[in-house]
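Here the structure is laid out as structure tokens; the discussion comes afterwards.
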Amino acid sequence: MIEEVQPSLFRMQIPLPNSPLKFLNSYVIRSPDRNLIIDTGLNRKECLDAMQYGLRQLDIDLAKTDFFITHLHADHFGLLSKLVTGTSQVFFNRPETELIEASGWWERMIAHAAKNGFPEDELREAIKSHPGREFGSEWIPEISILQDGDEILVGSYCFKCVSTPGHSLGHTCLYEADKKILVAGDHILIDITPNIQCWSDDQNPLQNYLANLEKVNDMEIDLVLPGHRRLITDHKTRIAELKGHHERRLKEVLSILGDDPRTAFQVASRMTWDLDCDSWEEFPRAQKWFATGEAIAHLRYLQRKGFIVRNDEERMTVFTLKEASQPAAKVIY
Ligand SMILES: [Zn+2]
């Protein structure tokens with residue numbers, strides 16, 4: 001489906017087969033000078049076909065087109081290498097450029113997952129079916145790094161970068177102040193909640209995410225263009241819902257910990273998930289990976305706030321409640 005959501009600004013729905021996200025919203029701004037495509041889809045045939053069909057309908061010449069990618073996940077970045085031309089500029093954030101240019105980050109994530117209790121045999125399978133492994137970009141085009149506050153001018157639009165780490169390390173939204181439009185990537189979604197994962201000891205992504213919800217909450221916005229699902233017109237209500245979701249999640253994690261030390265994987269297996277599966281055992285392995293990453297993010301947040309204690313035992317990291325924690329009575333943030 002192609003829809004002109006604002007003058008010369010189009011939304012193309014790029015299908016994401018077998019994903020609960022259903023489709024990616026790719027936004028195209030057409031201008032007589034250069035066009036801009038924001039986010040692309042997975043590096044797979046179904047996405048490329050939909051993208052090429054859409055670009056033909058809109059009469060977009062890729063030789064006159066630049067790209068902005070909100071974050072490194074394969075459903076946004078993956079198809080990029082199939083679309084860039086010798087004249088394309090690719091705008092992207094610094095933290096994730098450094099991440100994809102560094103070697104060994106998959107290995108570091110795998111080691112982190114094992115330490116957090118992910119069984120080794122399942123881990124290999126989970127990684128094999130991870131969309132980032134299966135449908136990521138084959139090569140990394142030359143990148144023009146943009147930072148918070150930098151601008152992209154295209155047609156009658158002046159987009160300002162708004163750095164919003166949380167869903168990913170360098171996630172960046174685009175804000176059009178005159179038109180009060182926020183291109184939100186996966187920072188704010190409706191009907192589904194953005195997945196907040198943590199795969200490193202020195203990060204606290206949920207803390208960043210919640211702070212960056214506040215940052216966006218205070219902005220004047222009439223229309224949010226999200227990376228998936230429906231457009232959002234009332235961002236403050238949705239942000240309040242997302243904050244409520246994480247508050248409930250944090251309380252759930254505290255009550256799961258109870259008196260017993262548990263790994264993040266064990267915590268994830270007891271959390272409630274909005275997936276069409278009867279039991280944790282039936283979860284697709286890639287979804288177990290995302291769930292465990294989400295459990296780690298919530299445990300990290302609670303640990304830094306002083307609600308729980310982390311113990312690094314010989315091969316496993318386990319978490320326990322701090323003495324006298326009264327989860328239900330606490331205001332977590
Ligand atoms: Zn996404």
Side-chain angles (χ1 to χ4, degrees), residues 1 5 11-28 37-44 46-48 50-51 54 67-83 90-93 95-97 99-100 105 109 126 129-137 161-174 182-199 205-206 208-209 212-213 216 224-232 235 238-239 241-242 245-246 273-275 284 286-287 289-294 297:
M1 191 189 82
V5 292
R11 170 168 77 141
M12 292 195 294
Q13 292 187 346
I14 308 294
L16 301 173
N18 310 320
S19 164
L21 298 167
K22 297 187 180 163
F23 54 82
L24 170 98
N25 292 324
S26 177
Y27 297 99
V28 181
I37 295 180
I38 302 170
D39 290 339
T40 60
L42 295 164
N43 185 10
R44 62 185 295 174
E46 294 88 340
C47 295
L48 183 60
M51 176 62 80
F67 297 84
F68 175 86
I69 308 294
T70 56
H71 64 293
L72 84 172
H73 293 161
D75 51 335
H76 300 255
F77 197 108
L79 195 59
L80 181 63
S81 59
K82 292 271 193 334
L83 304 173
V90 176
F91 301 111
F92 196 49
N93 67 78
E96 290 171 7
T97 302
L99 198 63
I100 53 182
W105 62 292
M109 280 206 297
S129 55
H130 191 293
R133 274 300 251 258
E134 229 179 330
F135 304 117
S137 194
C161 293
V162 183
S163 180
T164 46
H167 175 68
S168 69
L169 189 64
H171 190 288
T172 305
C173 299
L174 290 180
L182 184 80
V183 182
D186 288 359
H187 187 49
I188 308 172
L189 301 173
I190 201 158
D191 300 331
I192 45 173
T193 46
N195 176 244
I196 310 298
Q197 304 178 59
C198 182
W199 295 111
L206 184 56
N208 291 336
Y209 181 66
N212 286 320
L213 284 181
V216 168
V224 176
L225 305 180
H228 306 276
R229 305 289 180 105
R230 294 184 284 135
L231 308 191
I232 302 164
H235 73 294
R238 185 55 187 153
I239 286 172
E241 289 168 359
L242 290 169
H245 165 84
H246 288 291
W273 300 104
D274 190 14
L275 264 187
Q287 296 301 328
W289 170 271
F290 296 132
T292 303
E294 179 115 6

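Both ligands and their constituent atoms are indexed starting at 1 by order of listing. The model shown is predicted, which means the values in this text are computed figures rather than measured ones. Residues: numbered from 1 along the sequence shown.
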| So which of Thr40, Asn25, Asp186 actually passes side chain to side chain donor-acceptor pair (under 3.5 Å) with His76? | Asp186
| remark: Ignoring waters, protein N/O/S atoms under 2.8 Å from the Zn ion (ligand 1) are Asp75 OD2, His76 NE2, Asp186 OD2, His228 NE2
| said: With no hydrogens and no angle check, just 3.5 Å: does a side-chain donor-acceptor pair link Asn212 and His171? | reply: no
| query | With sequence neighbours excluded, what pairs up with Thr97 under the side chain to side chain contact (heavy atoms under 4.5 Å, CB included) test? | reply | Phe92, Glu101, Ile143, Ile145
| query | By side chain to side chain contact (heavy atoms under 4.5 Å, CB included), which residues pair with Asn93, not counting sequence neighbours? | reply | Pro95, Glu96, Thr172
| request: Could you pull out all residues at least two apart from Phe91 that satisfy ring pair (Phe, Tyr, Trp, His ring centres under 6.0 Å)? | output: none
| Hey, does the side chain of Ser26 reach the backbone of Met12 with a donor-acceptor pair shorter than 3.5 angstrom? | no
